[in-house]
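Worksheet: one structure, shown below.
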Amino acid sequence: MRYEVQDFQREVVDQSCELPILVDFWAEWCAPCRVLTPVLERLADNAQGAWTLAKVNTEQHVDVARQYGISSIPNVKLFIDGKVVNEFVGALPEHMIKQWLEKTLPNKFHKQIEQARLLLDQHQVVEAQRILEDVLTTDSMNIEAKVLLAQLLIFTNPQQARNLVDHIDEPKFSELVEAIKTITRLFELPKTENHISSGKVKDLYLKAITELTLQNFDSALATFIDVIRTDRYYDEDGARKACIAIFKLLGEEHEIARKHRRDFGSALYI
């Protein structure tokens, strides 16, 4: 299999829009490069089409090396969609390169998942759900698809949303998973309200939950913050956890999240 690059733009930049390209910048005089080369080629041969390897001789492609800031070799960069997404320098041992690849390579269904995200942003929920369910039909353990589908289902089928994330412990998604678990737990409380104390904010707390189920985020946050001001630790600090979960679900830059951030912060320190 040929790895040496002749046309960097076509063989790496353009091709990386279709498949991740791992680029090894090397030179003949570089001893560590000679150590690294067979390791990368072996990994590429066993990649089963998840990515491919391209080798760039920095002595022959001086302009490319300069363009990408190559000051020490071997330098390995991963290109996706025409851009460098991560890199390492030096002849790492094979097990470390495997770990690096596992953390760096995108999910093989990343284009479908990104399409689902775009559809969700456009409120095309049915089509986004179909794409995510198709991904999970093929790859039932796809964590990213599970988390995104759980977000989509959290208000229409909270039990399924909870089931999707129940055993996910991937650090990358930990905050979002915790937000989904927090909100789905809240949705169960009105059905078993006798299991929470009858404190003076109980009705206010249940009202906030109702507003949340209706996706009235503005009102839900305002009411949860009122609960915090009155009885901070009601339901084991439930109102604070609820606010954090809503902020995470909406996104830090969402206008409603930004509107309530200051009141939330001040309520915690009354």
Side-chain angles (χ1 to χ4, degrees), residues 81 83 85 106 110 113-129 131-132 143-158 161-162 164-165 168-190 196 199-270:
D81 293 333
K83 298 177 182 178
V85 298
H110 76 280
I113 292 172
E114 285 307 308
Q115 183 183 2
R117 288 187 193 279
L118 180 61
L119 289 167
L120 280 176
D121 289 341
Q122 298 169 348
H123 306 292
Q124 298 182 45
V125 176
V126 173
E127 182 61 18
Q129 182 173 342
I131 291 172
L132 293 170
I143 293 176
E144 191 171 5
K146 280 187 173 186
V147 173
L148 191 56
L149 183 58
Q151 282 182 264
L152 185 154
L153 293 172
I154 195 168
F155 295 101
T156 57
N157 193 334
R162 176 64 183 242
L164 282 165
V165 301
I168 292 176
D169 58 4
E170 169 60 51
K172 178 180 177 181
F173 300 105
S174 59
E175 292 183 356
L176 190 51
V177 166
E178 187 58 35
I180 293 168
K181 289 180 178 180
T182 295
I183 291 174
T184 54
R185 172 190 172 272
L186 288 172
F187 290 170
E188 288 298 311
L189 285 181
I196 58 174
K200 57 185 177 181
V201 295
K202 179 178 180 178
D203 289 342
L204 195 62
Y205 192 56
L206 292 173
K207 178 190 175 194
I209 293 173
T210 298
E211 294 294 337
L212 181 56
T213 62
L214 297 172
Q215 300 183 58
N216 295 332
F217 301 114
D218 194 3
S219 177
L221 282 166
T223 309
F224 278 126
I225 290 169
D226 283 344
V227 172
I228 293 171
R229 290 193 180 105
T230 307
D231 187 351
R232 158 70 191 272
Y233 296 104
Y234 182 77
D235 188 32
E236 299 181 351
D237 214 11
R240 180 189 66 82
K241 294 175 183 176
C243 288
I244 292 173
I246 296 170
F247 292 146
K248 187 64 184 178
L249 200 65
L250 293 178
E252 296 297 330
E253 296 305 313
H254 193 284
E255 60 179 343
I256 293 177
R258 295 172 64 182
K259 173 183 175 181
H260 291 279
R261 264 291 180 190
R262 182 174 296 178
D263 285 345
F264 171 70
S266 63
L268 294 176
Y269 300 103
I270 290 177

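The residues of the chain are indexed from 1 along the displayed sequence.
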Any ion pair linking [Y] and [X] (charged N to carboxylate O, less than 4.0 Å)?
X      : Y      : value
Asp226 : Lys207 : no
Asp218 : Lys259 : yes
Arg117 : Glu114 : yes
Lys241 : Glu236 : no

What I'd like to find out is whether the side chain of [X] reaches to under 4.5 Å of the side chain of [Y], using heavy atoms alone.
X      : Y      : result
Lys202 : Tyr234 : yes
Lys146 : Val165 : no
Glu170 : Glu144 : no
Leu153 : Gln129 : yes
Asp235 : Leu189 : yes

With rounding to the nearest 0.5 Å, note down the distance linking [atom1] in [X] to [atom2] in [Y].
X      : Y      : atom1 : atom2 : answer
Leu186 : Leu212 : CG    : CG    : 6.5 Å
Thr230 : Tyr205 : OG1   : OH    : 13.5 Å
Ile113 : Leu149 : CD1   : CG    : 10.5 Å
Leu221 : Ile256 : CG    : CD1   : 7.5 Å
Leu132 : Leu148 : CG    : CG    : 4.5 Å
Ile225 : Asp263 : CD1   : CG    : 5.5 Å

Over 12 non-hydrogen atoms of neighbours within 6.0 angstrom of [atom1] in [X]:
X      : atom1 : value
Gln124 : CD    : yes
Glu255 : CD    : no
Asp169 : CG    : no

Not counting sequence neighbours, which residues clear salt bridge (Lys or Arg N to Asp or Glu O under 4.0 Å) with Glu127? List them please.
Arg130

Non-hydrogen atoms of [X] and [Y] that approach each other most closely:
X      : Y      : result
Ala267 : Ile228 : O-CG2, 3.7 Å
Ile154 : Phe187 : O-CE1, 3.4 Å
Ala161 : Ala150 : CB-O, 3.5 Å
Pro158 : Thr184 : O-CG2, 3.4 Å
Arg232 : Arg240 : NH2-CD, 3.3 Å
Ala208 : Ala220 : O-CB, 3.8 Å

Name of the residue among Phe264, Phe224, Phe217 meeting ring-ring contact (aromatic ring centres under 6.0 Å, His included) with Phe247
Phe264

